[in-house]
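This report concerns only the one structure given below.
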Amino acid sequence: MSMFIVVAYDISDDRRLKRTAAVMEKYGVRVQRSIFECVLSQKKFDELVMDLKGTVNRRVDKVRIYRFCRSCQKNTGTQGQSWGEPHLDVLII
C-alpha cells in the first residue's frame with residue numbers, strides 16, 4: 001500500500017541543499033523550491049529517510065515529513081497552477 005507524504009526542508013549549506021534536492025527528485029514531485037510531494041511504498045519511504053539522513057546535518061538543517069492518511073489526502077487542494085499529479089486522489093479546488 002502506498003502512502004502520500006509531503007517533505008519540506010530548510011538546508012543551510014548550498015552543497016547539502018543540492019544533494020537533498022537530488023535525493024528528493026528520486027522520490028517525488030517538487031511543488032515548491034524546498035517542498036516535495038511523494039507517493040511511496042513503506043520500503044521506498046524507509047529508503048528516503050535513510051537517504052536524507054545521509055545528506056542532512058541534523059544540528060543545523062531542518063527536514064519535516066508529513067504523512068497524510070487517505071481522508072486527509074482527499075482534502076488537500078491546490079490554488080493557482082498545478083505542478084502535476086503524483087497521485088490520483090487529489091482534490092483540486
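All heavy atoms count here, side chains included; hydrogens, waters and symmetry mates do not.
- Pairing each heavy atom of Tyr9 with each of Arg33, the nearest pair is OH-O, 3.9 Å.
- Residues Glu25 and Phe36 have side chains in contact (heavy-atom distance under 4.5 Å, counting atoms from C-beta outward).
- When side chains are defined from C-beta on, Leu48 counts as touching Leu40, because their heavy atoms get closer than 4.5 Å.
- Between Val39 and Ile5 there is no side-chain heavy-atom pair separated by less than 4.5 Å.
- Here Lys26 pairs with Asp51 in a salt bridge; the nearest charged N to carboxylate O distance falls below 4.0 Å.
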Using the rule given for side chain to side chain contact (heavy atoms under 4.5 Å, CB included), can you reason through Arg16 versus Asn57, listing the C-alpha separation, both sets of side-chain angles and the distance that settles it, and then say yes or no?
CA-CA 8 Å; Arg16 285 195 313 277; Asn57 181 333; 3.6 Å; yes

Stepwise side chain to side chain contact (heavy atoms under 4.5 Å, CB included) test for Asp10 and Val63:
CA-CA 6 Å; Asp10 183 12; Val63 176; over 6 Å; no

When you look at Tyr66 and Arg64, which way does the side chain to side chain contact (heavy atoms under 4.5 Å, CB included) test go after all the steps?
CA-CA 6 Å; Tyr66 300 92; Arg64 285 197 177 261; 3.0 Å; yes

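- For Leu17 against Ile11, the heavy-atom pair with the smallest separation is N-CG2, 3.4 Å.
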Run the numbers on Val49 and Lys53 for side chain to side chain contact (heavy atoms under 4.5 Å, CB included), then give the verdict.
CA-CA 6 Å; Val49 170; Lys53 283 182 179 177; 3.9 Å; yes

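- Between Cys38 and Tyr27, the closest heavy-atom pair is CB-O, 3.6 Å.
- Using a 4.5 Å cut-off between side-chain heavy atoms of Ile, Leu, Val, Met, Phe, Trp and Tyr, with links allowed through other members, Val31 and Val6 fall into the same hydrophobic cluster.
- Side chains of Val56 and Arg19 form no contact here, defined as non-hydrogen atoms less than 4.5 Å apart.
- Here Gln32 contributes atom CD and Ser34 contributes atom OG; the two are 9.0 Å apart, rounded to the nearest 0.5 Å.
- Annotation: side-chain hydrogen bond (donor to acceptor under 3.5 Å, both in side chains) contacts of Asp46 (sequence neighbours excluded): Gln42.
- The SG atom of Cys72 sits 10.5 Å away from the CZ atom of Phe4 when rounded to the nearest 0.5 Å.
- Placement of Phe45 and Leu52 within a single hydrophobic cluster is found when ILVMFWY residues are connected by side-chain heavy-atom separations under 4.5 Å, directly or transitively.
- Here the closest non-hydrogen pair linking Arg30 and Ala21 is NH2-CB, 3.6 Å.
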